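This report refers to the structure that appears directly beneath it.
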Amino acid sequence: MQWPLRIADLLAGKAAVGSSVTVKGWVRTRRDSKAGFSFINIHDGSAFDGIQVVAEQTLPNYSDEILKLGAGCSVSITGTLVASQGKEQAVEVKAETLTVLGWVDDPETYPVAKKRHTFEYLRTVAHLRPRTNTFGAMARIRNSASQAIHRYFNERGFYWVNTPIVTASDCEGAGELFRVSTLDLHNLPRTDKGAVDFTKDFFGSESFLTVSGQLNGEAYCTAMSRIYTFGPTFRAENSNTSRHLAEFWMVEPEVAFADLKQNADMAEEFLQYVFRAVLNERQDDMAFFDQHISQGVIARLESVVNAEFVRMDYSDAITVLQKSGKKFEFPVQWGLDLQSEHERYLAEEHVGRPVILMNYPQAIKAFYMRANEDGKTCAAMDVLAPGIGEIIGGSQREERLDVLDAKMQALGLQEGLWWYRDLRRYGTIPHAGFGLGFERLLTYITGMDNIRDAIPFPRVPGSALF
RNA sequence: UCCACAGUAGCUCAGUCGGUAGAGCAAGCGGCUGUUAACCGCUAGGUCGUAGGUUCGAGCCCUACCUGUGGAGCCA
């Protein structure tokens with residue numbers, strides 16, 4: 001199939017000046033010259049910039065259509081690609097025909113006017129916000145990062161595994177789960193004892209939306225050696241912050257025959273790979289974020305790409321915090337989890353770039369993390385990034401059946417997760433992996449403040465609009 | 001869930017001591033110009049988040065609720 005050239009292609013010089021081209025897209029602005037022509041800026045989403053179309057008054061529909069074009073109208077233009085006389089662009093299209101495909105029915109109330117809007121307002125018109133500079137740029141960067149993630153793993157022999165969205169185990173980890181059910185809430189089936197009878201439910205048992213693909217991922221890891229998941233994840237926590245979504249995308253690699261050190265090395269290489277790809281592929285969009293959203297984001301990413309991440313043991317981090325002389329709201333003491341303020345101090349002030357903390361106390365980490373020889377800590381790691389805190393959490397997994405059994409028994413998990421236990425009964429191996437919140441990665445890349453602006457249609461407590 | 005702040009024109013906001021609402025941008029019309037967040041002029045645009053209450057009188061004071069934002073907790 002022969003695909004038509006996009007505006008990005010025209011701007012990149014893929015059509016010769018003087019050749020006939022067709023541009024289809026949406027009007028951003030129109031400026032008229034009384035010399036008898038109009039400038040129309042057209043965007044089609046293929047690049048940060050649009051292309052300028054010059055429409056002369058000799059066009060048959062000039063006065064009754066072209067002079068009425070405004071932001072949001074869709075058009076198809078055929079004309080000649082010419083060198084621009086203006087300074088802001090190299091080429092423009094001299095229109096020979098301009099067809100209006102769709103008008104804006106009420107320009108005064110068109111939600112995405114030719115003016116600055118707050119992100120807060122644009123969330124209320126999320127179906128139209130991809131037409132703005134910021135959200136168009138975000139959509140392209142999101143895609144670029146997604147593709148880079150798949151490429152990184154593919155080039156290293158990983159298989160992308162599609163783990164289930166619906167799960168029957170409510171013990172995948174901490175966190176509130178969304179219930180999935182077809183039972184009639186107004187007329188629930190009951191057991192003899194009066195409890196809800198979930199054997200009558202669609203799946204024959206209580207079921208939920210997944211909070212992580214990791215446990216299923218481990219099953220494929222212990223056969224395919226290197227796998228990763230990249231898909232939606234759901235948390236029903238009532239978290240109202242700029243860093244939380246009820247529905248978000250998570251990347252979870254799982255590597256057989258790997259230990260914690262290799263896991264940390266992978267996390268670093270992975271982040272650098274993705275950052276480098278976005279910096280290369282989306283220079284136009286990154287320049288916009290750097291200039292208008294968060295000054296210095298490009299330099300920040302470049303420094304992360306070029307510098308080795310600092311690695312630090314949890315125990316040493318505690319010492320650093322205690323010796324910092326800073327007054328923290330929450331106590332710093334070995335055995336306690338680190339608070340946002342502590343993580344921020346370590347990444348932003350003490351180190352100044354991403355830092356990988358390793359070997360946390362077992363008691364504050366998940367049951368599947370491998371117990372260390374000291375009997376107190378486990379092979380867990382968190383990658384802390386300046387500005388957002390924890391961006392990656394991972395660990396070497398507990399592969400010893402007896403050690404895992406002891407932990408699962410204490411939590412009452414061995415019945416529901418019998419199959420997870422089987423992975424240690426049948427050819428167990430050392431393995432490790434991590435989880436990365438994709439939208440958090442995007443806020444870090446772009447410098448956007450609110451995670452709701454890093455996903456097309458955000459789902460948060462109290463809102464599942466669009 | 002907790003704490004704080006906010007809700008006035010399509011959007012962003014101002015509104016003094018409680019006395020029946022104003023600007024900028026956007027929009028419409030006109031002017032000017034190879035323009036580029038164009039510029040200049042004119043016009044239109046409001047049940048002040050909702051429901052109660054206090055008062056002769058509420059955008060303003062009080063109560064409740066709703067919604068949004070920031071921070072905390074939980075986490076990715």
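Note that the structure is predicted; figures quoted are calculated from it, not measured.
- Of the side-chain N and O atoms in A:Lys114, one or more sit less than 4.0 angstrom from OP1 or OP2 of B:rA38.
- Side chain A:Ser239 to base B:rC74: a donor-acceptor pair is found below 3.5 Å.
- Note on A:Ser463: every side-chain N or O is 4.0 Å or more away from OP1 and OP2 of B:rU67.
- When the side-chain nitrogen and oxygen atoms of A:Ser242 are compared with OP1 and OP2 of B:rG71, one or more of them lie within a distance under 4.0 Å.
- Residue A:Arg116 places its CZ atom among 12 or fewer non-hydrogen atoms of other residues, nucleotides or ligands, all under 6.0 Å distant.
- Between A:Arg31 and B:rC32 there is no side-chain polar atom (N or O) within less than 4.0 angstrom of OP1 or OP2.
- For B:rA26, neither phosphate oxygen OP1 nor OP2 lies less than 4.0 angstrom from any side-chain nitrogen or oxygen of A:Arg116.
- Remark on RNA chain B: of its neighbouring residues A:Pro107 and A:His117, the 5'-side contact belongs to A:His117, judged by nearest-heavy-atom nucleotide.
- Judged by distance alone, with hydrogens and angles left aside, A:Glu341 brings no side-chain donor or acceptor close enough to the base of B:rG71 to form a pair under 3.5 Å.
- Residue A:Gln295 qualifies as open at atom CD: its count of foreign heavy atoms under 6.0 Å is 12 or below.
- Within 3.5 Å, no donor on the side chain of A:Glu237 pairs with an acceptor on the base of B:rU1, nor the reverse.
- Note on A:Asn240: every side-chain N or O is 4.0 Å or more away from OP1 and OP2 of B:rG71.
- For B:rG68, neither phosphate oxygen OP1 nor OP2 lies less than 4.0 angstrom from any side-chain nitrogen or oxygen of A:Arg452.
- You won't find any donor-acceptor pair under 3.5 Å spanning the side chain of A:Glu88 and the base of B:rU35, going by distance alone.
- Checking the phosphate oxygens (OP1, OP2) of B:rU12, a side-chain nitrogen or oxygen of A:Thr118 falls inside 4.0 Å.
- Across B:rG49 and B:rA9, the matching C1' atoms stand 15 Å from one another, rounded to whole Å.
- When rounded to the nearest whole Å, the span between CD1 of A:Ile392 and C1' of B:rC75 equals 15 Å.
- The 5' end of RNA chain B is approached more closely, in terms of each residue's nearest nucleotide, by A:Ala113 than by the other of A:Asp449 and A:Ala113.
- The base of B:rU12 is not paired with the side chain of A:Glu120 by any donor and acceptor separated by under 3.5 Å.
- Using a 4.0 Å cut-off, no side-chain N or O of A:Gln52 falls inside it from OP1 or OP2 of B:rG34.
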